[in-house]
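All heavy atoms count here, side chains included; hydrogens, waters and symmetry mates do not. Just so you know, ligand 1 is whichever comes first in the structure, and atom 1 is the first atom listed for that ligand.
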Amino acid sequence: MKAAYITQTGPAENIQYGELPTPEPNGSQVLVRVKAVAVNPLDTYLRAGAVKMDLPMPFIVGCDLAGVVERSGPQAGRYPPGTRVWGSNQGLLGRQGTFAEFAAVEERWLYPAPDGVRDEEAAAVALVGITAHIGLVRCAHLAAGETLFVNGGTGGVGSTVVQMAKAIGAKVITTAGSPEKVATARALGADVAINYKTDDVDAAIKQFAPGGVSVWWETLREPNFERTVPLLAPRGRMILMAGREARPVFPVGPFYTKDCSLHGFAMFNARPEEQQVSATDINRWLAEGKLKPRIDRVLPLAKAAEAHKLQEENTLHKAGTLAGKIVLVP
Ligand SMILES: NC(=O)c1ccc[n+]([C@@H]2O[C@H](COP(=O)([O-])OP(=O)(O)OC[C@H]3O[C@@H](n4cnc5c(N)ncnc54)[C@H](OP(=O)(O)O)[C@@H]3O)[C@@H](O)[C@H]2O)c1
């Protein structure tokens, strides 16, 4: 099969595109004929060696996939051949990745793709969808009528948080880095979207939620708590999920005296049963049209190295040239 893989960690150029043996589904794995995959910042950290995990070499990059079950391993029975599925959590913790024509995946990490949802969309929503759900539902217990702020309302995570928070019934304020992206964030459902490069974001948040926001979702890798804690409501919840190197000052007094709480998580730590709960809601919202994965562009799988470079330029170097997910098709 054709696959995008590395034989050693390093820059995006280390990704080769060529022939590797098609895997055999063992135990409760199924063999998925991959129709679409999506790039996540985490894929680039793993490929670069910046995040250390066991990588079976040659290592096929990628966490997310959507496709069709080709055949099942001896203990698999959930998805008969021909079932359209999507999933994430591959290419992690010693597992092989998804950027190939076929992937052998434990069936507990797969979910049925709703009718009417394209493979590109199902792949694009996978990791960011589960991330947004864990943060909003498991960590923040976001409720209808509450207010939420998220940075980067057209980013991979941000665009998903905006739509899910609206599906839950919250009021959403978000930011973006250009007038076009501000318009996109509004089109995704944000009640208020402002340009973080030209507008006074704090003033807009105070106007939107004079008593502070119920949930602050921080997507930035360098959070500034001196700024954000005063913008939280009493009993406000703050979500942290980026910035491995960040060591910011934290204003303890203003935080605990408002009964606030701080929730950090990495989606790949969530157990299969927990991710299944997220996938069930994601599938319902996809089917209802409340969640429309934000795809920036679709590339052939052979351009995996280029896709990694583009993701890195944006997530690490803030190029601002992406608005949503990079999807690749074999
Ligand atoms: N913990 C987890 O489980 C988990 C899961 C997924 C992702 N992550 C992490 O979350 C982060 C975001 O991931 P992603 O996939 O959403 O990345 P992304 O698609 O590259 O999005 C980054 C977003 O940040 C915005 N941004 C950049 N600088 C900003 C600033 N100064 N103020 C406001 N917004 C700014 C960008 O807005 P513009 O494009 O408008 O400039 C863009 O929307 C990454 O660090 C990733 O590793 C963690």
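- Counting protein heavy atoms only, atom 27 (C) of ligand 1 is closest to Lys318 NZ, 3.6 Å.
- Contact annotation: for Gln311 versus ligand 1, heavy atoms closer than 4.0 Å belong to the side chain alone.
- For ligand 1, the polar-atom distance check finds an N/O of Phe265 within less than 3.5 Å of one of the ligand's N/O atoms.
- Ring-plane geometry between Trp217 and Phe265 is classed as perpendicular, the angle between the planes exceeding 60 degrees on a 0 to 90 degree scale with a lower cut at 30.
- If you look at Tyr45 next to ligand 1, the close heavy atoms, those under 4.0 Å, all belong to the side chain.
- Near Ala242, with a cut-off below 4.0 Å to any heavy atom, the atoms of ligand 1 are 9 (C), 10 (O), 11 (C), 45 (O).
- Within the structure, every pair that satisfies the side chain to side chain donor-acceptor pair (under 3.5 Å) test and touches residues 92-118, not counting sequence neighbours, is listed here: Ser28-Glu106.
- Under a 3.5 Å cut-off, the side chain of Lys181 and the backbone N or O of Leu322 do form a donor-acceptor pair.
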Open item on the list: Could you go through Thr321 and Asn314, starting from their C-alpha distance and side-chain angles, then the distance that decides it, and tell me whether this counts as side-chain hydrogen bond (donor to acceptor under 3.5 Å, both in side chains)?
Closed with: CA-CA 7 Å; Thr321 52; Asn314 277 272; 2.9 Å; yes
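- Contacts with ligand 1 closer than 4.0 Å are made by side-chain heavy atoms of Leu220 only, the backbone lying farther away.
- For the residues Glu312, Met241, Lys325, the heavy atom positioned nearest atom 10 (O) of ligand 1 is part of Met241.
- Atom 20 (O) of ligand 1 has Thr315 OG1, 3.1 Å as its closest protein atom, hydrogens excluded (heavy atom only).
- Regarding atom 12 (C) of ligand 1, its nearest protein heavy-atom neighbour is Thr219 O, 4.2 Å.
- An N or O contact shorter than 3.5 Å links Val157 to ligand 1 by distance.
- Using a cutoff of 4.0 Å between basic side-chain nitrogens and carboxylate oxygens, Glu121 and Lys325 are not scored as salt-bridged.
- Within a 4.0 Å radius of atom 2 (C) of ligand 1, the protein contributes one or more non-hydrogen atoms.
- Counting heavy atoms under 4.0 Å from ligand 1, residue Thr131 touches it through the side chain alone.
- Close contacts of ligand 1 with Lys181, meaning ligand atoms under 4.0 Å from a residue heavy atom, involve 38 (P), 39 (O), 40 (O).
- Nearest-residue assignment for atom 18 (P) of ligand 1 (options Cys63, Gly156, Ala132; heavy-atom criterion): Gly156.
- Not one N or O of Ser178 is nearer than 3.5 Å to an N or O of ligand 1, by distance alone.
- Within 6.0 Å of the CD atom in Gln207, the count of heavy atoms belonging to other residues, nucleotides or ligands does not exceed 12.
- At a 4.0 Å heavy-atom cut-off, ligand 1 does not touch Asn40 at all.
- Atoms of ligand 1 found under 4.0 Å from any heavy atom of Leu127 (numbered from 1 in listed order, with element): 5 (C), 6 (C).
- Put simply, the side chain of Arg294 never gets that close to the backbone of Gly324: no donor and acceptor are under 3.5 Å apart.
- Taking the charged nitrogens against the carboxylate oxygens, Glu245 and Arg221 have no contact shorter than 4.0 Å, which rules out a salt bridge.
- In terms of protein heavy-atom proximity, atom 17 (O) of ligand 1 is closest to Pro41 CG, 3.8 Å.
- Among all non-hydrogen protein atoms, the one lying nearest atom 34 (N) of ligand 1 is Tyr196 CE2, 3.5 Å.
- Ser214 places no side-chain N or O within 3.5 Å of a backbone atom of Glu146 that could act as its donor or acceptor partner.
- Contact atoms of ligand 1 toward Arg221: 45 (O) (distance under 4.0 Å to a heavy atom of the residue).
- The shortest distance between side-chain heavy atoms of Val150 and Val215 does not fall below 4.5 Å.
- Remark: the backbone N or O of Gly77 is not paired with any side-chain donor or acceptor of Ser72 at under 3.5 angstrom.
- In this structure, Phe255 and Phe250 have perpendicular ring planes: the angle between them is above 60°, well past the 30° mark.
- Which parts of ligand 1 touch Met267 is read off a 4.0 Å heavy-atom cut-off, strictly below it: atoms 2 (C), 3 (O).
- The shortest non-hydrogen separation linking Gln16 to Thr7 is NE2-OG1, 3.6 Å.
- Nearest to atom 40 (O) of ligand 1 among the protein's heavy atoms is Gly177 N, 2.7 Å.
- Looking only at protein heavy atoms, the nearest one to atom 42 (C) of ligand 1 is Gly155 CA, 4.1 Å.
- With hydrogens and angles disregarded, no donor-acceptor distance shorter than 3.5 Å links the side chain of Tyr5 to the backbone of Leu20.
- The ligand atoms of ligand 1 that sit less than 4.0 angstrom from a heavy atom of Gly152 are 25 (C), 34 (N), 43 (O).
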